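Accompanying notes for the structure given below.
All chains are named by letter (A, B, ...) in the order of the sequence lines, taking the proteins before the strands, and each is independently numbered beginning at 1. This structure is a prediction, so every number in the text was calculated from the model and none was measured.
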Amino acid sequence: MEQARTVVEMRNITKRFPGIVANDNANFKLSKGEIHALLGENGAGKSTLMNILFGLYQPEEGEIFVNEQQVVIDGPNKAIKLGIGMVHQHFKLVHPFTVTENIILGSEPKKWMGLAVDKKTAYETVGNLSKQYGLNVDPYAKIDEISVGMQQRVEILKTLYRGADILIFDEPTAVLTPQEISELLIIMRNLVNQGKSIILITHKLKEIMAIADMVTIIRRGKIIDSLPVSGTNPNQLAEKMVGREVSLKLNKKDAVLGEPVLEVDRLVVKGRQGLNALNETSFVLKRGEILGIAGVEGNGQSELIEALTGLRPVSGGSIKVNQVEIAGETARNISEAGISLIPEDRHKHGLVLDFPVRENMVLETYYQPQFNKNGFMDYDAIDKHAERLVKEFDVRTPTIMTEARALSGGNQQKAIIAREIDKNPDILIAAQPTRGLDVGAIEFIHKRLVEQRNSGKAVLLVSYELEEILQLSDRIVVIYEGRIVGDVKPSETNDQELGLMMTDYKQPQGGLNIEQTD
Amino acid sequence: ACGAKNDNEGAASPIASPTATATESPAATGDTSGKDMKFSMVTDVGGVNDKSFNQSAWEGLQKLEKDTGASIKYLESKEAANYLTNINQFVRDQYNLTWGIGFLMGDAVKDAATKNPDAKLAIIDNVVDAPNVASITFAENEGSFLVGVVAGLTTKTNKIGFVGGIDIPVIKRFELGFEAGVKAVNPNAEVIKNYTGAFDKADLGKAAAASIYNDGADIIFHAAGGTGNGVFNEAKERLKAGKKVWVIGVDKDQSLEFGDDVTLTSMLKRVDEAVYRVSKDMIDGKFPAGVITTLGLKDNAVGLPETSSKNVSKEILDKVEEYKAKIISGEITVPTAQ
Amino acid sequence: MDVATLGNMLNTAFVFSTALILAALGGIISERSGVVNIGLEGLMIAGAFAAAVSAFHAQEAGYGAWSPWVGLLAGALFGVLFALIHAVATISFRADQVVSGIVINFIAAGSTLYLVKLLFEGSGETSLVDEVFHKVKIPILSDIPIIGEGIFNAYPTTYLALILVGVIYYGLYKTAFGLRLRSVGEHPSAADTVGIKVLRMRYTAVLLSGVLAGLGGATIAMTTTGTFSHNTISGQGFIALAAVIFGKWNPLGALGAALFFGFAQSINNVLQLFEFAANVPSEFIYMLPYVLTILVLVGAVGRSKAPGALGEPYFQGKR
Amino acid sequence: MNKLIKAFTKDSAVVPFIAIVLGLLVGAVIMLIGGYDPLLAYRSLLDKVFGNPYDFGETLTAITPLVFTGLSVAFAFRTGLFNIGAEGQYIMGMTGATIIGVSLHLPWYIHAPLAVIVGALFGGCWGMIAGYLKAARGVNEVITTIMLNWIALHLANYIVNDYLLEPGKGRSYMVDPSADVTIGWLSRTLDDARIHWGMFFALLAVIFFYVFLWKTKQGYELRVVGHNPDAAKYAGINVNRGVVKAMFISGTLAGLAGVFQVLGVFLNQAVTASPTGHGFDGIAVALLGGNTPVGVLLGAILFGTLSYGAAGMSFGADVPPEIIRIVIGSVIFFVAAPGIIRWTIKRVFGKKRKGEVI
Ligand SMILES: Nc1ncnc2c1ncn2[C@@H]1O[C@H](COP(=O)(O)OP(=O)(O)OP(=O)(O)O)[C@@H](O)[C@H]1O
Ligand SMILES: Nc1ncnc2c1ncn2[C@@H]1O[C@H](COP(=O)(O)OP(=O)(O)OP(=O)(O)O)[C@@H](O)[C@H]1O
Ligand SMILES: [Mg+2]
Ligand SMILES: [Mg+2]
């Protein structure tokens, strides 16, 4: 292969934030037509480096070359002019707007001497663009109404609409289902074939191995290495990234199953539009078991979690915890009955970001006698409790008086997990517990979940990531349109098969036991 | 509006109110018998330029300053809690006489008078039972009766409006006197009443006037302070649109401010005269301490301004004089509130 | 209730509503760009003040019937002046928007009255302007029963307000400017990443809200009072704010809300014409507009959704 | 609202101090423009407040309701609500106290507390209406509280006019002496200034505010609801009940302001055409004080002192008292946008202070 042209070069980039050097003399080079992965722990400085390339931040030092010309990128406008587009880690979409409105925003086609937006042309252009790249997006849909995967495609279309040749993807797969991930990888290949160059930030080593040509590793703001993917392997990458050896394989002994602790029987729950989100769903969870619930997002998982935790009314069926009916009880009573939840959206549901860590640590237990006397909070006890959890779960925070907002995503997650596990619940529901975390943090959290199960408690794991489900679960049920359509052992299946079940290609009659049809 | 207007037109006023001067400028003219005396007044929340009794009272003091060389000062109250503290400010500063202007000052004047028996105070529109307070009230019902006579004889539609501020005894006196006057000369006429609930909302006055005129009335008498400005505005607007309607003003000769083309006449209430006279009595050593003075037609303290002759016919004015004599003589008793 | 009364009520409703409509439009533009505008009251005060003062001088200078127009213009300009304070504080210096709005109310109330006292020799009120707006009948249309008297016999400012409702509705929903403005209020960093100048957009919006709220205040001075004093604007800005929320941040909604409020006000005048009203304590009649507003909110509207980034200062790199 | 709270709590104590100085400077400049003497004006202001025991006492009396309404607004802010309705709750507090104070005759140790409690409950319930409408029907509390202010005004007038009116006085009968909460001896010490127990209750309210919000279980719950209602639901807290409770407490605080104005200052309730403004001033006080209890107390002291002293300014220097509104507005402005202060300092002292982190 002949030497490809360099389209982006960043030289000696340094960027400081108060109290931290986010990028420390970093060098980075992207060649035409390549997919170049950027790998690093949470907070290593990946997003910062790319935000600099996109003109959102100005570096304190360093130079940038695009197509071998030195440039100053003083704002996204400039980046767009230079043919750079970015799909952000947290999507930048205006939710009440339609897909098309989001895409044309800032460079709208106009009519009547600029007095009006030419909507017709806009919708046509977006429709055509979507077809051209095989993205299959409905130009008329509102962002609020489309799935996360679709939203991401809208982000991609936004860059393409502006004629970007260099595309930056910041953790694009963190929020996608396996199907969506493989579709995205195909799309990316497609883009490269059409002459685009791609920078891909991801924590998933498998994806890097599958699609990237080059990988650059960044640790604490410094570039550690930049090498062709063909000459490396996941273990080596993980080690370079974290700076120590990481076991990518989870060591867990066989499950020792006990009594059933959670029995869900023909549960019916209404969803947001008033339709049944759960349709006579039934399953049983036993002590000493991690039960994975696999499924494409939006098939009733959120409603199931909300029903189990008392946040959503139940229209039929029963939920028993330790043989006691809890359907219809209040969230507080259910929590007392032994269910804990690691919520999917940690900012919205898991934490009060403006509160110090210590107050977040008692969010569900503040009223109990150990933290509360005669209606007064016992802050001595709360402080002791928080100090212990922070230590035990390695939550990296300056002090327990630090606001939760100031913690990194991974540490926020650890704080929540510490709080929930420490309640010593009979049933721990973990929804997307490792979304967006780096491999080191994932390793830690997985270990804690397994420990919980080993101590005779039960874990209900809800995740859109098949790899995580396969690795952690002792048993997997597949949920599709509010029904359980499969019940398998991880050792007896693989992600392809699960993926098919999740989209109902292979639903056997009655929807049970996949092995019989095999 | 009036503050500036006074400078230009004040002298033309039949009340002969002097040209307004800055609050404390030393008087150049007049006899100087009051030179070493200090007079003050405390306004209610309406402020000194309310185009109503506060302003009128201040004009009285200004005349006093001019005529006698007395020094004068006022304080405006921003809220009810200031009434007492403002009065006390003057009392402590050894003012010879402090006026509480308006009905609402009653309790504050009483309090200050009781706690400072040596101080001299006076109040307008209310009665305070204390040996060192002069209380001045007006027989608004008598004057209102007379403008009622004018309205009753002038109306072509036999519908006449009354716009009140807040439904309190003082305003009720206007209403009852007015209605009695109308009925006395024109038993068929209907009086449409609207209390706007405020003395300082021109927009409410305008809307009230609009609905009354729309209902067929051709004259409105207002006793609503600043709210009444809205009544005038509505009338002017109708005039521009080619519809002749009248307003009867209140307290001062409002034709001076709003023009002859809409102002039929006004019900004068000579607060300025009262303030001037009682203050002058003080200088002359005749302060009516502990006395309640009710000023009515016989004192020329209420009634019609001379400018009325512009719009009111001679015959009607003669009728007015007739009724005035009857009221003074006691032949007619005008209904009153409390 | 006969047809004429209904027409008159509608007419009165429009008189009351005009200023509310204008100020509410200002509130909408500002809040659609993400800047809370609780300072509407202050901006209206500024507008009413400037209008009363400049129309008076225009009249003295012999501008005749043009005087109220001069007043309107001055009201808009003065509104902008105060809006600029709000913009600088909240957009450039990221001061809390609620705080800044309250400050605007304070400073506007204090400084205008202070200026009145300086300009009018100690008086707390400006001199009465004779040359104010008068209702203008639109030929033919004004002959339609009810609506003719109700809508087509109105002040020029009412027509202006109605036209502006249309213009702003169109501007917000049909033009690129509107799309960008709304995106800035919903998700400023999304707008930023497509090259929209968020801060400039917000400045524009807040200054425009100054124009509109200033016009709203000026309207009151140039149609109903003819003067400016401490209570020319007493709470209308807050009612306009309520209309913004009630109308769900939509110009047509705000028009409806403002009209509703004006109508409720006019009902209480009409009620007093009727015999039975004598038996209803007047206080209950005064309460009516406010009670009705709450009842309608409870019955019909429910939760309204504010622009996504309302109240949040924006700076590049904000996460 | 969180930002609102944060904007104040973190910045050093220097900022408010500089803000006050700058605010006074702004006032001085405006006075100069108007041709007044700012030094004389400010001296008259101070003289008015501290010149004699009477005015000093009356200043305390002017500060008291501001502490209550400031706390009321701040409390609501802390629980995620914007209470523009302190005005209405204040009026209802007055009304409740007047009803009990005027219409009953009881031993003082029952009568006064009863009047205080009923007035507070009136205010609380008035606030609760807005809370309930928000919780049950999702109606934005900003609108309802604005409307409820006007409704309270007219309702109070109705009650006074039709049930409590002393004929010919335009106000209610005087409160029975057994419900009077003035402090005679202290009043006499301060030359008959209207001193009453309300000021001590105001201090208690400051302490209550702090202890309740930051030390009790219910306070914790309300703060969670205020900062993150979604998380509150996850934690098993009844969010709707929290909203209602928070508005009740907020209303109670504002109501107490009215209660003590009636029982300690006016000893009656007048029929009024427009709001007193104490509720709106409460918003300013809360903002001045950064929604912290001690901040509110200090804010009320500043606000009350300046407002009361304004009369002295117009008495002693003929300066229109409106100027004080500009001063207060500017102070809040500088407190809220410390960036402006830093920017100004940087501009003015830029060369000398190079290298300093601004
Ligand atoms: N706007 C900001 N203000 C202050 N600090 C920031 C800001 N943005 C980033 N940082 C800091 O810079 C460092 C790098 O952050 P960055 O977001 O680039 O990490 P990352 O590698 O993308 O992490 P992740 O994998 O979690 O996305 C972090 O320590 C973060 O705290
Ligand atoms: N407003 C802020 N000011 C300063 N630093 C911030 C702010 N918000 C976030 N950070 C820092 O930025 C870093 C990255 O934040 P970010 O929210 O991207 O976390 P993350 O690790 O990427 O988690 P997630 O995957 O959930 O996004 C954290 O270390 C956090 O301390
Ligand atoms: Mg990142
Ligand atoms: Mg991340």
Applying salt bridge (charged side-chain N to carboxylate O under 4.0 Å, His left out), run through A:K46 and A:D170 and close with a yes or a no. CA-CA 8 Å; A:K46 307 177 292 292; A:D170 193 349; over 6 Å; no
Look only at the side chain of A:E155 and the backbone of A:K92, and say whether a donor-acceptor pair between them is shorter than 3.5 Å. yes
Per-residue contact mode, A:P96 against chain C (heavy atom under 4.5 angstrom): side chain
Aromatic ring proximity C:F152/C:Y159, centre distance under 6.0 Å: no
At a heavy-atom separation under 4.5 Å, does A:L105 approach chain C through its side chain, its backbone, both, or neither? both
Under 4.5 Å between any side-chain heavy atoms of C:F246 and C:V296, yes or no? yes
Would you say the ring centroid of C:H187 lies under 6.0 angstrom from that of A:F97? no
Under 4.5 Å from a heavy atom of chain C, the part of A:H95 involved: neither
Okay, A:F91 and chain C: the region with an atom under 4.5 Å from a heavy atom over there is backbone
Tell me, for C:Y170 versus chain A, whether the close heavy atoms (under 4.5 Å) come from the side chain, the backbone, both or neither. side chain
A:S107 portion near chain C, given a 4.5 angstrom heavy-atom threshold: backbone
Can you tell me which portion of A:K158 sits under 4.5 Å from chain C's heavy atoms? Options are side chain, backbone, both or neither. side chain
Given heavy-atom pairs under 4.5 angstrom as the criterion, report whether the side chain, backbone, both or neither of C:L179 touches chain A. both
Is A:E61 salt-bridged to A:R16, going by a charged N under 4.0 Å from an acidic O? yes
Look at A:D118 together with A:K110 and state whether they make a salt bridge at an N to O cut-off of under 4.0 Å. no
With a 4.5 angstrom heavy-atom cut-off, is it the side chain or the backbone of A:K81 that approaches chain C, or both, or neither? neither
